[in-house]
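Taking it in order: structure first as structure tokens, then the write-up.
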Amino acid sequence: MTDPVGKLPSELDQLPDRDAEETAEWAASLDAVAQHAGPHRAAYLMRRTLQHAEKAGVPVPRLLETDYVNTIPTPAEPAFDGDEAMEARITAWNRWNAAAMVTRGARLGVGGHIATFASAAWLYETGFNHFFRGKEGDGSGDQLYIQGHASPGIYARAFLDGRLTEAHLDNFRQEAGGAGLPSYPHPRRLPWLWEFPTVSMGLGPLSAIYQARFNRYLHNRSIKDTSNSHVWAFLGDGEMDEPESTAALALAAREQLDNLTFVINCNLQRLDGPVRANFKIVQELEAQFRGAGWNVVKTLWGNAWDELFALDTTGALVRRLREVPDAQFQTYATRDIAYIREHFFGAEPALAELAKVLTDAKIAECFYTSRGGHEARKVYAAYRAALAHKGAPTVILAQTVKGHTLGKGFASKNANHQMKKLSVDEFKDMRELLGLPIPDSAFADGVVPYGHPGADSPEVRYLQERRAALGGPAPVRRVHQVVLPEPEERGFKALQKGSGNQEMATTMAFVRLVKDLMRDKETGRRWVPIVPDEARTFGMESLFPSAGIYSPLGQTYEPVDRDQLMYYKEATDGQILNEGITEAGSMADFIAAATSYATHGEPMIPFYIFYSMFGWQRTGDQMWQLADQLGKGFIVGATAGRTTLTGEGLQHADGHSHLIASTNPASLNYDPAFAYEIAVIVKDGLRRMYGPDAEDVFYYLTVYNEPKPQPAMPEGVEEGILKGLYRFREGTVARPDSPRLQLLASGTAIHWALEAQRMLADEWGVTADVWSATSWGELRRDALEADEALLRGEERTPYVRQALAGAPGPVIAVSDWMRQVPDQISQWVEQDWSSLGTDGFGLSDTREAARRHFGVDAPSITVAALAQLARRGEVPASAVKEARERYGL
């Protein structure tokens, strides 16, 4: 409805006004303030009124932005629990060694980053000295997501506390010999130190949210008391542009994850220049986080600014700080005092008057160095506030100078991310600034020395005492091996018996197996089913009432299907993680569960099931993160293949996930054809990942939504299933001189191969053996290992060559995947090789039409087989032409 002049009524117009006269008086008061004291005063009053209303619990919309000042003013800061001078000396040593390590490495061309840690040093040091819990105390300790580019500073601290030596530091980014320090936090490369990989950017914040959420999941399910664990994620302001960085902010607020703190180092710079050249990144992030429901603490200005704010009786300074874009503020940090006086303070008369009482030294201190993120007391106050806040996660926006203490050549310069070293003279200037006792004679041959106050120095003793009080060293990764008992055989045997005449898709077979395994008395509660809002598609709705869907709030409503057997049940101790439509969130869940054996000493068995097209293609970066973090579990690509999911079009038709998966060394990839193969693979996977000799691997299984009768397991095929190939059905020899060949098929393609086997025998007198290729990837892995052994002088025949030894005729491989998938093993097959596959874009049609289109159906296989035999002279060429015409190809 519109009013007479065609305008939509506002929300307030639609609400009853019990006292219109009072409302008019409030509006008139605001008008009067704006008219007589100016719009700035009116805006100030409105902001203060809204802030007061929010604190009083009055239900009004929250302010999304506050003034460009510290959330915690200096008089409100808590007492500092430590020796500030001592911590400054420790930080100085760490700053020096981080820069020295990267500079020494630069002489060898390995590079590194200096400026990030230089800006963030106090953000880390304050946490290590006062807040971050180690793993030697009660519980699991805190989980630290370290910003990747800051790793030199973490290595420097580990050197100071005795966990690393100079030799270690000199091996920064030199890993080939096995003794190097990885460039970024890589648990697979340095598994005793790093817990969480945080590069690629954006994955750290996403994973931190789901780690905090998984901590609550473990606690609510009574598996591990994680109430004393806090998740800290250290991020760059430029990193927040990654979509993954902010993808789950609402989840964190919705589930009230007050066990989570983001610390965003707002040095206002990304890799090439300002993060928000014409805007203010701090204000943008504040609005984004407050809008999502987070508690926001801004730590922008150091103590030097207190005098300026005290002199700002008109609010002109605060207004000016809010309006100056970030790129201009960076310019102030690199220009002389006269420039600052003219361009900052000269913007309005009130500021010019204020500047008259400021010395050049005071202005220099404020604009060149004094930032909240560079002062221990400011950071300490922010961290205390974060831990004290309940009911929501906290983000700390800490303003710093990129390249702080590295000298004028680094500080706030656009190129400092790419600058890998300091000169000797720059190091000497830095030495003076930091007050370190390093003599000129230590710079022998122009090589920058490492610095250390001594293993028994007051600095090292203080550092170690602080860490002991907080539960031991950090960061640290520790694995207390917990061997899970083998589950009962009942579930496996049910699939191994087959389904008789009943048709069953392999997707359903996998779900049925997991459902049985979740009933196991010993290990059942450790299964973590993860699904991105497609549980009903995969036949998992039967798990809803029995296992429950995890929700920290339980079920505050009566579900619409409560009177049905398989109703939608949410519970605080629910086992299923039904994530909504977020593959990235589901993968982050999976990673947290898959690494719980190390993070919490509690091995969990996650299985994440999804449309296969939306796995490796969409979240492959996280699967590399999973491998780096040494995660374990089952990733299940359902509705797999390019021709089985009819009607969905090319964006749903996966014909290449196995090709992408084969690039990940930690991923064991299987494409089972039958239910019993799934049983064998899962059983062995549990042994390999959770048994006495646990391996740091995970499984990728593809399953199909095409119902087929499931045969019983033949005898003696277990080894072939696990290694990737076994002969499923030998061909019937029609006559002694019958031409022969071998058909290798994976997944649902085995049914086309079996039909082709029949057609070749009945219609063409050709004998074909059909092999189930459960894993092209494992066959290739084994063959590569054989090649590597040969280089060491060891003779070993690849399994695929052993299995096919003596098999007569050519080999034809067929699958519902691109031809490159089976072609991975072609060089190790001695027989003539050819393959059929679903190369190209997928399409919507019936399964039969799609398979004919790609040339992988039984008639196409038959013609391809005859063509190979004709090339060898074993059937006449006319047979190929006749077959094409008969089958309409």
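What you see below is based on every heavy atom in this structure, not just the backbone, and it leaves out hydrogens, waters and symmetry mates.
In summary, the aromatic rings of F234 and Y124 are positioned with their centroids under 6.0 Å apart. The six-membered or imidazole ring of F614 lies away from that of F610, with a centre-to-centre distance of 6.0 Å or more. In this structure, the ring of F329 has its center less than 6.0 angstrom from the ring center of W301. Between F131 and Y380, the gap from one ring centroid to the other is short of 6.0 Å.
The pair D241-R270 counts as a salt bridge, with a side-chain nitrogen and a carboxylate oxygen less than 4.0 angstrom apart. Between E87 and R377 no salt bridge is recorded (no basic side-chain N to carboxylate O distance below 4.0 Å). Comment: E65 engages R322 in a salt bridge, judged by a side-chain N to carboxylate O separation of less than 4.0 angstrom.
Side-chain N/O atoms of T702 and H658 include a donor and acceptor closer than 3.5 Å. For the residue pair Q399/N267, the side-chain donor-acceptor check at 3.5 Å is not satisfied. D621 and S200 share a side-chain donor-acceptor pair at under 3.5 Å. The closest side-chain donor-acceptor pair between T299 and N70, if any, does not fall under 3.5 angstrom. Side chain to side chain, Q211 and N215 meet the donor-acceptor criterion of an N or O pair below 3.5 Å. If you check the side chains of Y700 and N664, you find no donor sitting under 3.5 Å from an acceptor. Using modelled atom types and a 3.5 Å distance limit, the side chains of H600 and T226 yield no donor-acceptor pair.
In terms of the side-chain contact (heavy atoms from CB on, under 4.5 Å) criterion, residue partners of A638 (sequence neighbours excluded) are, by chain and number, T507, F538, I609, V703. F607 meets the ring-ring contact (aromatic ring centres under 6.0 Å, His included) test with F510; sequence neighbours excluded. For the salt bridge (Lys or Arg N to Asp or Glu O under 4.0 Å) test, residues two or more places apart in sequence or in another chain that qualify with E286 are K298. Here W232 pairs with D142 under the side chain to side chain donor-acceptor pair (under 3.5 Å) rule; sequence neighbours left out. Partners of D654 according to the side chain to side chain donor-acceptor pair (under 3.5 Å) rule, which considers only residues two or more places apart in sequence or in another chain, are S612, S657. Under the rule for a side chain to side chain donor-acceptor pair (under 3.5 Å), the partners of H656 that lie at least two apart in sequence or sit in another chain are Q617, R642. For H186, the ring-ring contact (aromatic ring centres under 6.0 Å, His included) test picks out no residue, with sequence neighbours left out. S662 is linked by a side chain to side chain donor-acceptor pair (under 3.5 Å) to Q824, counting only residues two or more places apart in sequence or in another chain. Taking Y597 as the reference, nothing meets the ring-ring contact (aromatic ring centres under 6.0 Å, His included) condition, with sequence neighbours excluded. The ring-ring contact (aromatic ring centres under 6.0 Å, His included) search around Y217 returns F214, Y550, not counting sequence neighbours.
Side-chain atoms of E534 do not come within 3.5 Å of backbone N or O of I581 as any donor-acceptor pair. At least one donor-acceptor pair closer than 3.5 Å links the side chain of N97 to the backbone N or O of W93. A donor-acceptor pair under 3.5 Å is formed between the side chain of S245 and the backbone N or O of E239. Not a single donor-acceptor pair under 3.5 Å links the side chain of S596 to the backbone N or O of A592. Side-chain atoms of E284 never come within 3.5 Å of backbone atoms of I281 as a donor-acceptor pair (strictly under, hydrogens ignored). Of the possible donor and acceptor atoms, none in the side chain of R173 sits under 3.5 Å from a partner among the backbone N and O of L181. Here the side chain of Q174 pairs a donor or acceptor atom with the backbone of D170 at under 3.5 angstrom. N295 places no side-chain N or O within 3.5 Å of a backbone atom of P393 that could act as its donor or acceptor partner. A donor-acceptor pair is defined here as one N or O able to donate and one able to accept, closer than 3.5 Å; no such pair exists between the side chain of R189 and the backbone of P185. Counting only distance, with no hydrogens or angles, the side chain of S119 and the backbone of T116 share a donor-acceptor pair below 3.5 Å.
Atoms CG and CG, on L193 and L164 in that order, are 7.0 Å from each other to the nearest 0.5 Å. The CG atom of L406 sits 10.5 Å away from the CZ atom of F117 when rounded to the nearest 0.5 Å. Taking CD of Q147 as the start and CE of M201 as the end, the distance is 6.0 Å to the nearest 0.5 Å.
Looking at heavy atoms from C-beta onward, H374 lies out of side-chain contact with T369 at the 4.5 angstrom threshold. In this structure, the side chains of S667 and Y699 stay at 4.5 Å or more apart for every pair of heavy atoms. Looking only at side-chain heavy atoms (C-beta outward), K224 and H219 stay at 4.5 Å or farther from each other.
Of all heavy-atom pairs spanning C266 and L285, the tightest one is SG-CD1, 4.4 Å. Minimum heavy-atom separation, V448 to A100: CG1-CB, 3.9 Å.
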Exercise for review: Start with the C-alpha distance between S229 and R133, add both sets of side-chain angles, then the distance that settles side-chain contact (heavy atoms from CB on, under 4.5 Å), and finish with yes or no.
Suggested key: CA-CA 8 Å; S229 287; R133 296 186 181 93; over 6 Å; no
Check your understanding: Can Y332 and Y368 be said to form a ring pair (Phe, Tyr, Trp, His ring centres under 6.0 Å), step by step?
Key -> CA-CA 8 Å; Y332 294 145; Y368 295 164; over 10 Å; no
Practice item. Begin with the C-alpha distance, continue with both residues' side-chain angles, and end with the deciding distance and a verdict on side-chain contact (heavy atoms from CB on, under 4.5 Å) for T261 and V395. Key: CA-CA 6 Å; T261 297; V395 59; over 6 Å; no
Review point. When you look at T619 and E583, which way does the side chain to side chain donor-acceptor pair (under 3.5 Å) test go after all the steps?
Key: CA-CA 7 Å; T619 59; E583 287 83 7; over 6 Å; no
**Study point:** Pair F634-F698, side-chain contact (heavy atoms from CB on, under 4.5 Å): steps then yes or no
**Key:** CA-CA 6 Å; F634 297 96; F698 62 92; over 6 Å; no
Atom pairs and distances, donor-acceptor, side-chain atoms in residues 152-161, under 3.5 Å, two or more places apart:
| residue | atom | partner | partner atom | Å |
| --- | --- | --- | --- | --- |
| Y155 | OH | P182 | O | 2.7 |
| Y155 | OH | W194 | NE1 | 3.0 |
| R157 | NE | E125 | OE1 | 2.9 |
| R157 | NE | E125 | OE2 | 3.4 |
| R157 | NH2 | E125 | OE1 | 3.4 |
| R157 | NH2 | N129 | OD1 | 2.7 |
| D161 | OD1 | R163 | N | 3.1 |
| D161 | OD2 | R163 | NE | 3.4 |

Hey, can you pull the donor-acceptor pairs under 3.5 Å for the side chains in residues 249-260, sequence neighbours left out?
| residue | atom | partner | partner atom | Å |
| --- | --- | --- | --- | --- |
| E255 | OE1 | R213 | NE | 3.3 |
| E255 | OE2 | R213 | NH2 | 3.4 |
| D258 | OD1 | R216 | NH2 | 2.5 |
| D258 | OD2 | G391 | N | 2.8 |
| N259 | ND2 | A212 | O | 3.1 |

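Applying salt bridge (charged side-chain N to carboxylate O under 4.0 Å, His left out) to E195 and the options R188, K135, R477 leaves one that passes, K135.
Residue-environment remark: CD (Q651) stays at or below the threshold of 12 foreign heavy atoms within 6.0 Å.
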